[in-house]
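Report on one structure; see the data block that follows.
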Amino acid sequence: MSDLSVNVCGVNFKNPIIPASGVFGYGREYEELFPLSALGGIATKGTTITRRNGNPSPRIAETPSGMLNSVGLQNPGIDKFIDTELPNLLKKNTVILANIAGSTIDECVKIAEKLSSTDVHMIELNISCPNVKQGGAAFGTCPETAGEITRKVKNVLPDKPLVVKLSPNVTNITDIAKSVEAGGADAVSLINTVLGMRIDINTGRPILKNNVGGMSGPAVFPLAVRMVWQTANAVKIPVIGMGGVSSGKDAIEMMMAGASAIQVGAAIFTDPFAPIKIIQEMNDFLDTKKIKSISDIIGSVKPW
Amino acid sequence: MSDLSVNVCGVNFKNPIIPASGVFGYGREYEELFPLSALGGIATKGTTITRRNGNPSPRIAETPSGMLNSVGLQNPGIDKFIDTELPNLLKKNTVILANIAGSTIDECVKIAEKLSSTDVHMIELNISCPNVKQGGAAFGTCPETAGEITRKVKNVLPDKPLVVKLSPNVTNITDIAKSVEAGGADAVSLINTVLGMRIDINTGRPILKNNVGGMSGPAVFPLAVRMVWQTANAVKIPVIGMGGVSSGKDAIEMMMAGASAIQVGAAIFTDPFAPIKIIQEMNDFLDTKKIKSISDIIGSVKPW
Amino acid sequence: MKYTQGKYIIKNKSAIAKNTYSYTVRCPEVADIAQPGQFAHIRVDGFTLRRPVSICEIDKKCGTIRIVFEIRGNGTEELSKLNEGSLIDMLAPLGHGFTLNSKFKKVILIGGGIGTPPMLSLAQYYGEKSVAITGFRGAGSVILQEDFKNSGAENIVCTDDGSYGIHGFVTQPFGDILKKGGIDAVYACGPMPMLKKISEMSKENNIANCEISLEERMGCGIGACLVCACKTKKNDEEYFAHVCKEGPVFNAEEVIW
Amino acid sequence: MKYTQGKYIIKNKSAIAKNTYSYTVRCPEVADIAQPGQFAHIRVDGFTLRRPVSICEIDKKCGTIRIVFEIRGNGTEELSKLNEGSLIDMLAPLGHGFTLNSKFKKVILIGGGIGTPPMLSLAQYYGEKSVAITGFRGAGSVILQEDFKNSGAENIVCTDDGSYGIHGFVTQPFGDILKKGGIDAVYACGPMPMLKKISEMSKENNIANCEISLEERMGCGIGACLVCACKTKKNDEEYFAHVCKEGPVFNAEEVIW
Ligand SMILES: Cc1cc2nc3c(=O)[nH]c(=O)nc-3n(C[C@H](O)[C@H](O)[C@H](O)COP(=O)(O)OP(=O)(O)OC[C@H]3O[C@@H](n4cnc5c(N)ncnc54)[C@H](O)[C@@H]3O)c2cc1C
Ligand SMILES: Cc1cc2nc3c(=O)[nH]c(=O)nc-3n(C[C@H](O)[C@H](O)[C@H](O)COP(=O)(O)OP(=O)(O)OC[C@H]3O[C@@H](n4cnc5c(N)ncnc54)[C@H](O)[C@@H]3O)c2cc1C
Ligand SMILES: Cc1cc2nc3c(=O)[nH]c(=O)nc-3n(C[C@H](O)[C@H](O)[C@H](O)COP(=O)(O)O)c2cc1C
Ligand SMILES: Cc1cc2nc3c(=O)[nH]c(=O)nc-3n(C[C@H](O)[C@H](O)[C@H](O)COP(=O)(O)O)c2cc1C
Ligand code: FES
Ligand code: FES
């Protein structure tokens with residue numbers, strides 16, 4: 001039994017595996033299958049200042065080794081989240097990352113303010129949602145804006161670790177990461193989804209009602225590993241890696257690339273037990289290789 | 001039997017299917033399997049001013065529904081291409097796109113000059129190779145540089161259609177496309193490969209000796225469709241689409257998104273007959289749907 | 001909601017129409033709690049997303065459920081390649097099924113095409129108290145007729161081209177029976193235009209219990225990802241319900257068409 | 001170069017060691033033209049890239065070839081699931097094989113581990129004129145010994161742990177035979193350190209014909225994509241050769257270690 005615990009900007013995770021924002025809701029449904037305390041943490045569904053209905057359906061499409069989604073941040077709004085979901089989650093003996101998004105900087109700041117007085121463990125600021133018209137990805141693709149929003153949000157969160165979630169739909173991920181680091185982020189997480197499109201050739205119409213959507217799943221894994229590696233080498237703050245992780249081996253690979261913890265998204269749709277299996281497989285790998293602590297492999301890749 | 005012919009900036013293709021640059025060499029090896037005249041066209045291996053040995057091996061890795069390569073533009077140099085490969089290719093009764101790349105703008109101009117007096121049908125200027133240190137992707141990720149290099153190359157190619165090949169590793173593909181259009185490009189082609197990385201967790205080293213490489217194959221298809229769609233809606237010049245096409249249905253989908261012709265890369269590794277099968281499947285689709293000409297479906301997608 | 005995930009043995013496979021397959025799967029823990037109208041979310045090798053398929057029959061005694069599906073795309077095609085003895089990976093039973101009421105005296109079950117299978121478990125519940133009206137394109141796609149007969153339900157079949165049973169749509173015999181009155185509930189599953197028409201006719205005839213089963217593309221299948229949204233009314237307010245959890249069965253009054 | 005692509009029937013499958021399988025494939029057009037040292041580029045369902053596997057035996061009369069492979073990763077694992085009667089998709093025969101010379105009087109064939117299979121077709125060509133030296137980790141991974149015996153070759157086996165045959169590396173008996181002299185050619189396939197050592201020893205002993213088979217990750221497999229580059233010397237100049245076309249067999253003198 002190896003030591004799977006990791007520390008990400010001061011927060012202790014019993015293991016590095018965190019269901020990603022948006023696929024896991026607030027955990028209620030998965031509790032039927034396994035105890036949430038088995039997880040390193042949980043990233044909750046992206047929350048906005050007020051309730052959002054999201055985009056019209058269909059909101060999902062299958063792609064080779066992956067999927068597209070265009071949910072568009074459907075959520076009950078921050079007040080309801082804090083009142084009805086968060087208290088329950090905080091009882092689950094796992095790290096809670098509250099994922100938030102806003103269509104203006106002000107909105108993001110307001111949401112963060114509301115969370116600052118709660119007991120939530122970390123805030124994950126999504127500046128990279130490709131599925132909403134305003135804000136979302138727009139924030140995440142310009143280094144200056146990304147830095148500014150980080151600074152203003154961190155301002156109201158002096159005592160809470162702020163993780164900023166980055167978009168892969170950019171020319172230079174390290175520019176954004178550095179700017180966010182300079183803005184005061186305590187960690188970055190990446191990647192959010194890759195903007196994609198599918199067309200139903202029988203109807204001649206896009207499969208998603210939103211026309212385009214965010215690609216995730218194993219297909220994006222090599223892109224995510226590359227971006228995690230580049231980012232981990234560019235900033236000093238920890239990187240939470242995600243994008244296509246579906247096995248313990250994938251998680252190990254992404255941690256070798258520089259991730260301090262791992263989020264798991266689409267893989268949970270394929271197999272709802274994926275996070276649990278990944279934890280087990282990571283443990284097996286470490287045991288076989290006689291590595292005592294998972295922390296030893298973070299960023300351990302030796303480039304040629 | 002439907003009409004599969006397409007016209008791309010004045011050049012007639014008997015069908016829209018073109019093996020992509022880099023996977024097909026100069027066609028010699030595939031001639032053993034089928035006559036090159038069955039193809040709409042052939043994009044030749046990227047050629048530089050002088051001979052290049054490329055990157056060290058391993059140069060390829062498997063990924064979920066795709067692959068990474070880091071060949072790094074190994075080629076015999078433009079003079080040898082013109083002397084020994086081009087004359088042979090021009091006898092094959094198919095459209096020849098000479099794919100070229102340079103590490104400086106000057107180099108690109110010199111190569112184009114040399115080709116301007118040949119009978120090659122089109123020049124495909126690669127400003128998006130992720131596998132070379134200088135030039136390559138650097139040109140393709142900045143709208144200004146992309147426009148400038150296009151202008152200078154087009155200058156020496158007044159009588160030859162110039163296709164500029166774009167990188168997907170950018171925040172905004174339409175900015176680059178518009179800039180290249182303004183620079184005088186007769187068409188754009190996209191996407192080149194998506195920068196990715198894989199690590200061998202048993203050795204802790206990147207699988208590719210170049211550390212990172214270009215991802216292609218079905219995994220990137222939704223990303224490519226999205227970029228083709230955005231680009232076709234942003235420019236007036238034709239778009240040659242590619243990225244993950246591996247069936248007639250995929251080709252139809254990408255043409256609906258706005259592509260006037262299709263290049264096929266990684267799919268040829270999986271099945272060397274892929275281009276021939278794709279042509280047949282496109283024909284079958286049109287027949288079933290009673291569509292007379294493939295041109296009718298170009299850009300026909302109706303967004304929601 | 002209680003459900004489970006597992007790999008279960010296919011006890012029986014049969015091709016029951018062109019491109020249409022029936023699997024009987026041994027899964028006692030699922031059969032034990034499954035309700036008519038619920039579905040199984042099935043993993044198919046090589047695909048990221050699971051495929052939702054309705055539960056067609058529930059045999060608690062044998063510990064089996066039955067599913068019936070048509071090949072529509074790559075996923076169902078791959079699914080159809082499983083054989084007797086193969087394992088099928090299911091997340092089940094999912095969703096909110098039909099409201100069953102043992103006091104109902106007469107109910108109508110309407111299935112259109114591949115929407116027919118979930119009606120069978122209702123026919124088996126209501127037996128002689130039910131009239132099953134099923135509609136298909138043509139004789140070649142008619143399915144489950146023996147089973148409906150065995151259930152004790154009165155059995156009416158229509159085909160669009162008249163090649164089997166009544167020539168025409170299910171709405172025709174449905175209208176005739178409605179006129180006679182005495183209907184406690186209407187249950188339906190099938191294409192949207194059919195469901196819409198049935199809902200309207202039920203409303204006109206003041207049927208309080210008209211329940212319909214909807215389809216939407218799904219991610220998680222259990223209510224966590226909010227992918228399967230469908231516009232509904234709740235207390236006259238617009239409300240994005242989720243087909244996988246609040247559905248797939250909705251009261252027809254709730255649906256916004 | 002002549003080759004073809006097709007789906008061919010597996011006539012015989014056998015597990016010949018732990019995780020090691022042998023397939024005999026009926027493909028007359030391939031068998032007809034195949035040469036020892038050439039390989040087949042095999043498509044595996046669910047993977048983008050084909051897997052290169054050496055041709056182990058060529059039976060022109062029966063129109064079959066044989067391949068022997070070990071499970072190393074996901075692709076070979078999937079490949080190992082094919083059964084007798086299944087179709088295997090091969091692009092073959094590919095590459096530049098071993099130089100055969102009927103005038104040679106004595107040749108040494110050296111196979112290390114899963115590099116052993118291509119040596120068998122050489123043993124069958126040279127028969128009693130050849131000495132086959134094969135080396136394995138331990139008794140559990142020893143393969144093809146019956147076949148080498150039947151070929152008429154003199155047969156020497158080594159294992160790293162001494163659990164079968166001679167305790168030690170193939171270079172030991174190789175050195176002994178070299179000393180006796182009279183060797184016209186050395187052919188080898190196996191891990192790089194072994195090949196390097198054999199090349200050096202051959203050079204020291206002035207063996208002009210030392211041919212070794214190299215491995216490199218491949219794309220097309222036929223010389224078009226330039227993926228499988230390997231540094232060689234040609235007329236004393238550095239030259240990027242391509243393992244799939246100019247190799248996999250190279251004269252040891254050409255290789256840059
Ligand atoms: C609650 C529910 C119950 C169903 N019960 C049955 C049944 O009993 N028998 C049956 O034959 N079919 C049933 N369906 C429809 C069935 O889910 C689809 O035909 C199937 O998912 C198509 O998958 P594919 O891979 O063949 O098609 P593809 O088009 O290749 O699928 C691509 C993606 O779209 C989704 N998709 C495509 N069509 C539908 C659809 N109509 N509904 C939901 N998702 C879709 C797929 O699940 C997959 O994620 C049901 C659908 C739902 C929502
Ligand atoms: C000319 C040639 C002949 C060969 N002959 C045999 C043989 O007769 N028997 C046998 O068991 N093996 C042979 N190999 C090695 C065999 O190709 C690899 O073991 C196999 O490709 C591994 O695939 P995988 O999916 O199991 O491993 P993975 O590591 O999952 O494969 C990932 C990718 O790397 C490539 N790869 C991994 N290892 C190698 C390797 N050693 N050489 C080339 N590509 C590799 C794979 O082809 C694939 O593209 C030969 C290789 C070459 C180049
Ligand atoms: C259905 C769905 C909904 C998502 N919603 C959110 C969200 O609300 N906020 C967010 O930051 N990311 C969201 N994501 C992105 C994921 O958190 C994750 O970044 C992405 O899916 C890549 O990981 P994966 O490949 O493991 O799925 C969503 C992804 C999916 C598939
Ligand atoms: C092995 C390999 C070599 C390539 N070499 C070149 C090249 O020399 N010039 C170029 O413009 N693109 C090159 N490409 C990119 C392809 O032409 C194409 O843009 C990309 O592979 C996406 O298409 P696909 O998904 O169908 O492979 C290469 C791709 C591969 C796989
Ligand atoms: S499919 Fe996830 S909420 Fe319905
Ligand atoms: S694998 Fe393509 S050239 Fe060798």
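Everything numeric here is computed off the predicted structure, so don't read it as measured data. Chain identifiers are assigned alphabetically (A, B, ...) following the order of the sequence lines, protein sequences preceding nucleic acid strands; residue numbering begins at 1 within each chain.
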> Which pairs with one or both residues in residues 262-274 of chain A pass salt bridge (Lys or Arg N to Asp or Glu O under 4.0 Å), sequence neighbours excluded?
Replying inline: D271(A)-K277(A)
> Counting heavy-atom pairs under 4.5 Å to chain B, which of V301(A), N172(A), I297(A) comes out on top?
Replying inline: V301(A)
> So does E253(B) pair up with R198(A), basic N to acidic O under 4.0 Å?
Replying inline: yes
> For L208(B), is it the side chain, the backbone, both, or neither that has a heavy atom closer than 4.5 Å to a heavy atom of chain A?
Replying inline: backbone
>> Working to the nearest 0.5 angstrom, can you tell me the gap between K302(A) NZ and M256(A) CE?
In response: 9.0 Å
> What option among N202(A), N211(A), V225(A) has the most heavy-atom pairs under 4.5 Å with chain B?
Replying inline: N211(A)
> In terms of heavy-atom pairs under 4.5 Å with chain A, which of K289(B), K209(B), M254(B) leads?
Replying inline: K209(B)
> Just checking, any donor-acceptor pair under 3.5 angstrom between side chains of N192(A) and S128(A)?
Replying inline: yes
> Where on I201(A) is there a heavy atom nearer than 4.5 Å to chain B: the side chain, the backbone, both, or neither?
Replying inline: both
> Who among G204(A), P218(A), P206(A) has the most heavy-atom pairs with chain B under 4.5 Å?
Replying inline: P206(A)
>> Shorter than 4.5 Å, heavy atoms on both sides: which option in P303(A), A219(A), P222(A), S300(A) has the most such pairs with chain B?
In response: P222(A)
> Hey, does L195(A) have a side-chain heavy atom less than 4.5 Å from the side chain of L223(B)?
Replying inline: no
> In Å, rounded to the nearest 0.5 Å, how long is the span from CD of Q230(B) to CE of M197(A)?
Replying inline: 9.0 Å
> Who wins among S246(A), G196(A), P56(A) for the most heavy-atom pairs under 4.5 Å with chain B?
Replying inline: G196(A)
>> Rounded to the nearest 0.5 Å, what separates atom NZ in K292(B) from atom CG in D3(B)?
In response: 11.0 Å
> Which residue out of D200(A), T63(A), T288(A), T171(A) racks up the most heavy-atom pairs below 4.5 Å with chain B?
Replying inline: T171(A)
